[in-house]
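See structure below.
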Amino acid sequence: GEIRVFDNAGSCVHTVPCQSELTGCFFDARANQLVATTVEHAIMTFAPEQFERTKLFFGSYDEVVDVRFIGEDEAHVAVATNTEHIQIVDVATMNCTLMHGHTDVVLCLAVSADGRTLASGSKDNSINVWRSNDAGVWYLAAKGVGHAGDVTAVAVSQKQAGGTFLVSGSKDCTMKMWQLPDRPAGG
């Protein structure tokens, strides 16, 4: 979806792309912010000057299937719900960002000893390896494919800070060991 902003003459002056289908939108004059809601039960706020999203409060489709503290200072929580996205929630503000990379429901999460590597397993039969860079921004670092069924369990080695390998278990009745990629400089 997208949010379109019109001037008094009826001309579109700005378009804000959204990755979700919108269910509502209004301008909150007291807080001077644009507020939008989505079919995923999310509430997004936008600063009207830059039209950049300032907050995302995310609801849930259904059950929460896994939760892990992440980051070096455990200031965030990774949440797997009944969707293909992983929610990264700031513990202090409850602001949320979404990580996209799976194509079906995320079933399990695991985190490295230093909190900067996250592994996720999904009904799409894959494992994703996420890393945070020095600025604390999470990105998809690797994808593991090879299971013939839902990935129902993942574990990241805990002996070294960023983990050197992970193990996955699947509905296909197999376990697989995966070598983790080296962390790039600054990442």
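We're numbering straight along the sequence, starting at 1. Values reported hereafter were calculated over all heavy atoms of this structure, with side chains retained and with hydrogens, waters and symmetry mates removed.
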So, does Thr45 use its side chain to make a donor-acceptor pair with the main chain of Gln33 at under 3.5 Å? no
By side-chain contact (heavy atoms from CB on, under 4.5 Å) - contacts of Glu2 (at least two apart): Arg4, Thr15
So do the side chains of Leu34 and Ile3 get within less than 4.5 Å of each other, counting heavy atoms only? yes
Do the non-hydrogen side-chain atoms of Asn95 and Val89 ever get within less than 4.5 Å of each other? no
Given side chains that start at C-beta, do those of Phe6 and Val13 come closer than 4.5 Å, heavy atoms only? no
Linking I/L/V/M/F/W/Y whenever any side-chain heavy atoms sit under 4.5 Å apart, do Val156 and Val151 land together? yes
Does Asp28 use its side chain to pair, donor to acceptor, with the backbone of Asn32 at less than 3.5 Å? no
According to a 4.5 Å side-chain heavy-atom criterion applied to Ile, Leu, Val, Met, Phe, Trp and Tyr, with indirect links allowed, do Ile86 and Val77 form part of one hydrophobic cluster? no
Would you find more than 12 non-hydrogen atoms of other residues, nucleotides or ligands less than 6.0 Å from Phe69 atom CZ? no
OG-CG distance between Ser122 and Leu109, expressed to the nearest 0.5 angstrom: 10.5 Å
Using the rule that two of Ile, Leu, Val, Met, Phe, Trp, Tyr join whenever any of their side-chain heavy atoms come within less than 4.5 Å, decide whether Met99 and Val106 are in one cluster. yes
Could you go step by step and tell me if Leu166 and Met177 meet the side chain to side chain contact (heavy atoms under 4.5 Å, CB included) rule? CA-CA 6 Å; Leu166 69 88; Met177 186 176 292; over 6 Å; no
Indicate every side-chain donor-acceptor pair of residues 140-150 with a distance under 3.5 Å to a residue at least two apart or in another chain.
{"residue": "Lys143", "atom": "NZ", "partner": "Gly101", "partner atom": "O", "Å": "2.9"}
{"residue": "Lys143", "atom": "NZ", "partner": "Asn128", "partner atom": "OD1", "Å": "2.8"}
{"residue": "His147", "atom": "ND1", "partner": "Asp172", "partner atom": "OD2", "Å": "3.3"}
{"residue": "His147", "atom": "ND1", "partner": "Thr174", "partner atom": "OG1", "Å": "3.2"}
{"residue": "His147", "atom": "NE2", "partner": "Ser168", "partner atom": "OG", "Å": "2.7"}

Gap separating the CD1 atom of Ile70 from the CD atom of Glu72, nearest 0.5 angstrom: 12.0 Å
Any side-chain heavy-atom pair of Val105 and Glu84 under 4.5 Å: no
In one Ile/Leu/Val/Met/Phe/Trp/Tyr side-chain cluster, 4.5 Å: Val154, Val111: no
Closest approach of Gln179 to Thr164 (non-hydrogen atoms, all atoms of both residues): NE2-O, 3.1 Å
Please determine if Lys55 and Asp90 form a salt bridge, counting it only when a charged side-chain N lies under 4.0 Å from a carboxylate O. no
Do the non-hydrogen side-chain atoms of Glu21 and Thr38 ever get within less than 4.5 Å of each other? no
Separation between NZ (Lys123) and OG1 (Thr152), nearest 0.5 Å, reads 11.0 Å
Ring pair (Phe, Tyr, Trp, His ring centres under 6.0 Å): pairs with one or both residues in residues 100-123, sequence neighbours excluded: His85-His100
From CA spacing to verdict: side chain to side chain contact (heavy atoms under 4.5 Å, CB included), Leu118, His76: CA-CA 12 Å; Leu118 177 71; His76 294 83; over 6 Å; no
Atom pair SG/CG of Cys108 and Asp66 - distance to nearest 0.5 Å: 7.0 Å
Donor-acceptor under 3.5 Å (Ser157 side chain, Phe165 main chain): yes
Closest heavy-atom pair and its distance - Glu74, Val91: O-CG2, 4.2 Å
Tyr139 versus Ser132, closest heavy-atom pair with distance: CE2-C, 4.1 Å
Take Thr81 and Val65 through the test side chain to side chain contact (heavy atoms under 4.5 Å, CB included) and record every step on the way to the result. CA-CA 5 Å; Thr81 62; Val65 295; over 6 Å; no
For a quick test of reading the model, state the closest non-hydrogen atom pair linking Ser120 to Trp130 and the distance between them. OG-NE1, 2.9 Å
Is Val129 reachable from Trp178 through a run of hydrophobic residues whose side-chain heavy atoms are each under 4.5 Å from the next? yes
